[in-house]
Trainee: 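One structure, as structure tokens, below. Some questions next.
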Amino acid sequence: MIDPRFLRDNPEAVERAVRLKRESADVERILALDQRRRELVAGADERKARRKTESRRIAGIRKAGGDAAEAMEAVRQLGEEIRRLDAERAALEAELEQELLRLPNLPADDVPEGEGAADNREERRHGEARRFDFAPRNHQELGEALGILDLKAAARTSGSGFFFLLGAGARLERALIDFMIDLHVREHGYLEVQSPFLVRPDSCTGTGQLPKLADDMYRIDRDDLYLIPTAEVSLTNLYRERLLAAADLPVKLVGQSHCFRREAGSHGKETTGLQRVHQFQKVELVQLVRPEASAAALESLTRDAEAVLQRLELHYRVVTLCAGDLGFASAKTYDLEVWAPGLGRYLEVSSCSNFLDFQARRAGIRFRGEDRAVRFVHTLNGSGLALPRLMIALLETFQCADGTIDVPRALRPCLGGMERIG
RNA sequence: GGUGGGAUGGCAGAGCGGUCGAUUGCAUCGGACUUGAAAUCCGAAGGGGGUUCGCCUCCCUCCUGGGUUCGAAUCCCAGUCCCACCGCCA
């Protein structure tokens, strides 16, 4: 959420952000609502002050045995006025809140302007795309031939966009999760967390999925819960409505979860195999930091995610998302895109974002500094990494001419020493 | 699903119609003492809003929302959540 006071002082900056992010919001109207709200508050406050002093005076009169009937009647009427003003204010505030929740975060200054993926800025590349002396197959062909992936059975069981992993396929995914969590815990200093997959609507509002992305999430209507689209939701909300001590920061969490996405409106495109599915596992990194530390934290969190790809000897690139491609809640995002030679394209395996105080304000995550002042923390998160697309890159990159798969060295210990699949 | 108990400042925990925004303890911060620290002593300090150059003042806030009352942390109603026990169950 945008600080209402910032909005009041910098409406043009917010309007620009809305435009750059291709959102729609009526800033004028929000300002008018806010103005009216403050008028109502002032009116009610003045009457409440009078009621208080009058009530005390009445207490004095009665204690002295006097007749306070007239004053009591006056205060009663004051009470009616207050009730009316407060009711109007409450309705207005609810409306204002809804509007504020629909305002996107402002893109950071160093985020390029632009419409979509084509305008993203490539920051760096790591490694090189592997060259083949045979025609590389895609992961679906490889996986089905090896009997470790079954999409048809999943379609019968659950519908399109689901998959079965079998044997070494399932084992590989489990090993990768272990590998990644261990790396982040032992070498990057994260605390391992296992978090809920079902969350309340408020938690989704906290991280910014609601209200805008309601259609992209699965909802359990009967219990008013949402299936998380990412562990970001539950991990970040671990500290919702809490006041932390300065010494508690930074908080660095790593958690594995299943992620559930309806993928409404993304039918048809780039859906071969495991590229875009309704349910998948992901290892997620979340950090809560002091405001002044968030820019550096985004860099280090991104490096933490990159370390996974480097150890697995995969070719990837890092891009900075342009404003038009940036998520609703994010101020700045780096995408990690891994090379999938069978598909012949880069796949987004991680999105590392700095939300500044946008999520913290919505979720009520604050800290008390050494100066005793209370401020909102800054939140960040990034995939570290998403499993299906990581598996795609591994299978396609390390395939052999005979359709078997070499296991990268770093992963072998997690697979009981297995060197080859197939 | 059933029954009972509870929700108060960072935490613990009093208060149960009238200077209560709230006693107290722990934690925190400042000071004294000390070579330094601990201990001890003294002092400060909840959060939000409005207004203001800023402060003071002001308003709200004792789970949430209604109600009773001149006046509610305190009384009434509804809801939410938490805990315990029972039942069911991975």
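Below, read A as the first sequence line, B as the second, and so on, with proteins coming before strands; counting in each chain starts at 1. Note that these values count all heavy atoms, side chains included, but never hydrogens, waters or copies made by symmetry. On a predicted model such as this, the values are computed, not experimentally measured, just so you know.
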Trainee: How many whole angstroms separate atom CG of A:D202 from atom C1' of B:rC63?
Mentor: 14 Å

Trainee: Do A:T207 and A:Q359 have side-chain N/O donor and acceptor atoms under 3.5 Å apart?
Mentor: no

Trainee: Between B:rG18 and B:rC53, how far is it from one C1' atom to the other, in whole Å?
Mentor: 38 Å

Trainee: Return the nearest nucleotide to the side chain of A:A49; candidates are B:rC58, B:rG46, B:rC70.
Mentor: B:rC58

Trainee: What's the closest nucleotide to the A:L243 side chain, out of B:rG10, B:rG49, B:rU51?
Mentor: B:rG10

Trainee: Hey, do the aromatic rings of A:F358 and A:F328 have their centres closer than 6.0 Å?
Mentor: yes

Trainee: Would you say the side chains of A:Y334 and A:E299 form a donor-acceptor pair under 3.5 Å?
Mentor: yes

Trainee: Which value, in whole Å, describes the distance between the P atoms of nucleotides B:rG65 and B:rC56?
Mentor: 27 Å

Trainee: OP1 or OP2 of B:rC59 versus the side-chain N and O atoms of A:R50: is any pair under 4.0 Å?
Mentor: no

Trainee: Any idea which of B:rC70, B:rG46, B:rG48 is nearest the A:R368 side chain?
Mentor: B:rG46

Trainee: Any base atoms under 4.0 Å from A:R83, or only sugar-phosphate, or nothing? Heavy atoms, all strands.
Mentor: sugar-phosphate

Trainee: Checking base pairs now: Watson-Crick or wobble, both atom distances under 3.5 Å. What partners B:rC81?
Mentor: B:rG6

Trainee: From C-beta outward on A:R200, which listed nucleotide comes closest to its side chain: B:rC59, B:rC81, B:rG50?
Mentor: B:rC81

Trainee: Any strand is fair game: report the nucleotide pairing with B:rG30 by Watson-Crick or G-U wobble, both distances under 3.5 Å, or none.
Mentor: B:rC42

Trainee: Would you mind pulling out the nucleotide paired to B:rG54, Watson-Crick or G-U wobble, both distances under 3.5 Å?
Mentor: none

Trainee: Given B:rG50, B:rC60, B:rG10, which nucleotide is nearest the side-chain atoms of A:R51?
Mentor: B:rC60

Trainee: Quick one: label A:R8 by what it contacts on the DNA or RNA (base, sugar-phosphate, nothing), any heavy atom closer than 4.0 Å.
Mentor: sugar-phosphate

Trainee: Any salt bridge between A:D86 and A:R83, counting N to O under 4.0 Å?
Mentor: no

Trainee: Taking only the side-chain nitrogens and oxygens of A:R89, find out if one of them lies under 4.0 Å from OP1 or OP2 of B:rG49.
Mentor: no

Trainee: Report the nucleotide, chosen from B:rC70, B:rG48, B:rG67, that has the shortest atom-to-atom distance to any side-chain atom of A:R366.
Mentor: B:rG48

Trainee: Does the cation-pi check pass for A:K252 over A:Y190, that is, NZ or CZ under 6.0 Å from the six-membered ring centre and within 45° of its axis?
Mentor: yes

Trainee: Between B:rU68, B:rG47, B:rG49, spot the one nearest the side chain of A:V41, thanks.
Mentor: B:rG49

Trainee: Is the phosphate of B:rU51 approached by A:R38 (side-chain N or O, under 4.0 Å from OP1 or OP2)?
Mentor: yes

Trainee: Using the P atom as the reference point in each nucleotide, state the distance between B:rA38 and B:rA32 in Å, no decimals.
Mentor: 14 Å

Trainee: Report the distance from atom CD of A:E97 to atom C1' of B:rU64, rounded to the nearest whole Å.
Mentor: 15 Å

Trainee: Using both distances under 3.5 Å as the test, list the Watson-Crick or G-U wobble partner of B:rU24, or none.
Mentor: B:rA12

Trainee: Rounding to a whole Å, what distance do you find between A:R76:CZ and B:rU69:P?
Mentor: 7 Å

Trainee: Without hydrogens or angle criteria, can the side chains of A:T205 and A:R362 be said to hold a donor-acceptor pair below 3.5 Å?
Mentor: no

Trainee: Which part of the nucleic acid, if any, lies within reach of A:R47 when heavy atoms closer than 4.0 Å are counted: base, sugar-phosphate only, or nothing?
Mentor: nothing

Trainee: Atom CD of A:E46 to atom C1' of B:rC58: distance rounded to whole Å?
Mentor: 10 Å

Trainee: Looking at B:rG48, B:rG50, B:rC70, which one has an atom nearest to any side-chain atom of A:V374?
Mentor: B:rG48

